[in-house]
Each structure stands twice: as structure tokens, then as C-alpha cells.
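Just below is one structure, and these are the notes that go with it.
In each ligand, atom 1 is the first atom listed, and ligand 1 is the first ligand listed.
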Amino acid sequence: MTRSTPPTGTQEELLGRYDHALLGVFGRPGRVLVRGEGCEVWDADGNRYLDLLAGIAVNALGHAHPDLVAALREQVGEFVHVSNFFTTVPQIALAERLLDVAGAPEGSAVFFTNSGTESIEAAVKLARRTGRPRILAAEGAFHGRSTGALALTARAAYREPFEPLLPGVGRVPFGDVDALERALSGTAGESVSALVLEPIQGESGVVPADVEYLRRARDLTSAAGVLLVLDEIQTGIGRTGAWFAFQRAGIVPDAITLAKGLAGGVPIGALVTFGSQVTGLLRKGDHGTTFGGNPLACRAGLTVLDVVERDGLVDHAGEMEREFRSRVQALGDDRLTEVRGAGLLLGLGLAEGIVAADVAAAALEAGYVVNAARPDTIRLAPPLVVTAEQLGRFVDDLPRLLDTAARREG
Ligand SMILES: *Cc1c(COP(=O)(O)O)cnc(C)c1O
């Protein structure tokens, strides 16, 4: 019997092979990881790391969670894919559970995809069905890298080399109610189908919209007959201390996009449409996908929702935020300027002269996985199962990591 054994070797050897075999879009990865357990991962040289990034807010249950392992083992033994000519029990059950935790009204519905960017594509098609040609997105927004979603993403360096992209995208300053009011008024407003917003801009450095802005955005879009689409790909599934960030603002959007944390690392995404009027915009034949909604990913999603609920991880995320904030405050290190974000999506602001990439590099050397989301911000998005002890250990080490980072610049 032939068997494909995973390659082994030292980290240096493996990274050399990576450079030869993989397209260079990500640059050279920081480490070759071989396994994980809970909030820890190990590299090919046997070093251990505390994972405070969770594969960018994806591994909600950490690594190798026993319930997820058991559910996936069982599902693999049944089937992993059947196509959308058929449905499966995990698919139906996950859609129902999502609508339930979202508090979605009667007539709401779910379309499953395989990624965040595909969920945005589905939202773009939903918006197109209103018959209005334009979509508004925010400055600083990140909505994905496919050429439709990329048109909504703000960063010029991501977009410009690949233009022309999807036309008809207008941009509003993030958090500016007056600018939004102007963009949605008069004949300009009449051409807008949807406003797409992240409740907290994750990729551009953990920048939260304040609750009042989200409420006004809801009022203004409703008044203008414009769909409010909230991109909860990073903020959804308990990450911010609520099932969804929109619930923290006490509003009901017209649609949300999901992905990252939904299935604990198995690729999945979703568009959830709220209410029968919005749901009715996409009809039979309007959209499709081969892999989207497959039983493996849906079973994983169902298990994530079960464990998050059973173990109280939504509230736990809120408690860990308070814990982290008070520990950082107690540290009293003036090189740390602020903590932004909510729940377990947190941005740690750095004083001038401290470079986030240097801090992230020093952290990795010291055994912590974090991310430099912005030159002046470290992003933490740990598994929702992270403990106060684990967060505290990182905070206690921060002064030393900042010293190391300062030496790199000096
Ligand atoms: C990650 C992310 C996306 C893109 O998701 P992919 O799965 O990488 O395509 C879109 N929007 C937000 C807010 C994200 O954080």
C-alpha cells in the first residue's frame, strides 16, 4: 500500500522547500507548524508557542478540540460532500442554529460558501438584485481578495494592480455619520443598493465603529431603502463577547457575512439574509457553489456552535477582554497607548517609535503568536477558550518584548 507520509526535516530545510514550491504571495512564513493542542502550537524544531491569533480569529475552539475531532472523525466516516443537488442533516441544522443565535426574524435564510470573500460575493449579488447599481464601503475596509470583494476593500496596494475591478463602489469615511448622511441622500442615495460595513475593522488594525454610528447607519440606510450589510466574518460567532457584533449595537441588519470562526478552522462561509423581503431578492438559479454547505464543514460549524454555547464561550470572551484590559492597565507601561476592540478581538496600541512588526517578531521568538495588524498595533484574536492565565503570561512578558523590539530599531 502506498502512503503519503508528511514530510519531515528541520525548519530551515522545510522553508527552503516552501520557497521552491509555493507561490510567493505570502512571503516566507514565520515557522513550519506541525501540531497544536488547545491554545498551543509546536513547530518543526520542537518549539512551543502560545497561539494568541488562532489562525486570524478562525480556531475558535483552539487546536485539536476533542469535541471537534470526534465530530469530524464521525462525519468523515459518513460522507464529506454530496453537492447541492442534495441536502444533509448537518447543513439544515447549522442553518437553523445560525438563524437562532442571530435572533433572525421569520423569513431569514442562510447561503453557505467556503470563505469570507465568497460570502461577500454573495452579498454583492444580493445587492445587485435590488436593481440599484452602486455599493458603498468604508475607508479602511477589508472584505476579501477576489475581484468583486476586492473592489470593496479599501487598501490601494491590494486593489490598484488588479483594476479594473467590480465597478460602482463608492467609499465613505468609517464612523462619520454626516458623510454617510450625505452619501445616502438625494439622487446619489437612490442609486445605492447596499452599505457594507465591518462592526470592527479587523485587518486595518482593530478599529471599532462606535455603537451610535452603527445605529445611525441602520436608520439612514432604512430611510434610503438601502441594504445594511454587516461583514461579521471576523467579529461573528462569539468573538466580540456577543454572538454577533451587531447585537452589541442593538440593531438588526439586512444581511451579515460570516466565515473565519464559524467552523473552527474547516473552511466555510455564510451569507445570512434577514427577513423575507431581503431573502426574496435571491431566487432559484441566482447563485450557486459546489463545495459550499458540504456536510463536513457544516458538521464542524454545528460543533463549534454547540461547544461555544455549552461552555459559555461568548460570555467568556467578554470576561477575557476585561481581564486583558485590567492587566495591561496594571502594567502601567507608557509604551502601550490603548486597547481597542471588543471581546477577544483586541488591538494593542504602541507608542511612537515602537514598530508592531518588531514586537510581533520578538513575541514569536519568545513563544507567542500575535499579529502586527498595523505599524502601531498588535492584534490579538486568540481561541475563545484562552484562559486568564495564558493572557496574563503574555501581558507579563510584554515589557521584555517591547525592550527587544526597541533594540531592533535602535
Ligand atoms: C478575513 C476577512 C475577509 C476575507 O475572508 P477570506 O476567508 O480570507 O476570504 C473578509 N472580511 C473580513 C472582515 C475579514 O476579516
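- Looking at heavy atoms from C-beta onward, L384 lies out of side-chain contact with H316 at the 4.5 angstrom threshold.
- Sorted by chain and number, the heavy-atom contacts of ligand 1 below 4.0 Å come from S115, G116, T117, F142, H143, G144, E198, D231, I233, Q234, K260.
- Defined by atom type and a distance below 3.5 Å, a donor-acceptor pair is present between the side-chain atoms of S146 and E121.
- Checked against the 6.0 Å centroid criterion, the rings of F112 and F291 do not qualify as a close aromatic pair.
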- Check against side-chain hydrogen bond (donor to acceptor under 3.5 Å, both in side chains), S222 and R218: CA-CA 6 Å; S222 293; R218 175 67 285 182; 3.1 Å; yes

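- Checked options N294, N84, T113; the residue passing with T289 is N84 (criterion: side-chain contact (heavy atoms from CB on, under 4.5 Å)).
- Around atom CZ of R325, more than 12 heavy atoms belonging to other residues, nucleotides or ligands sit under 6.0 Å away.
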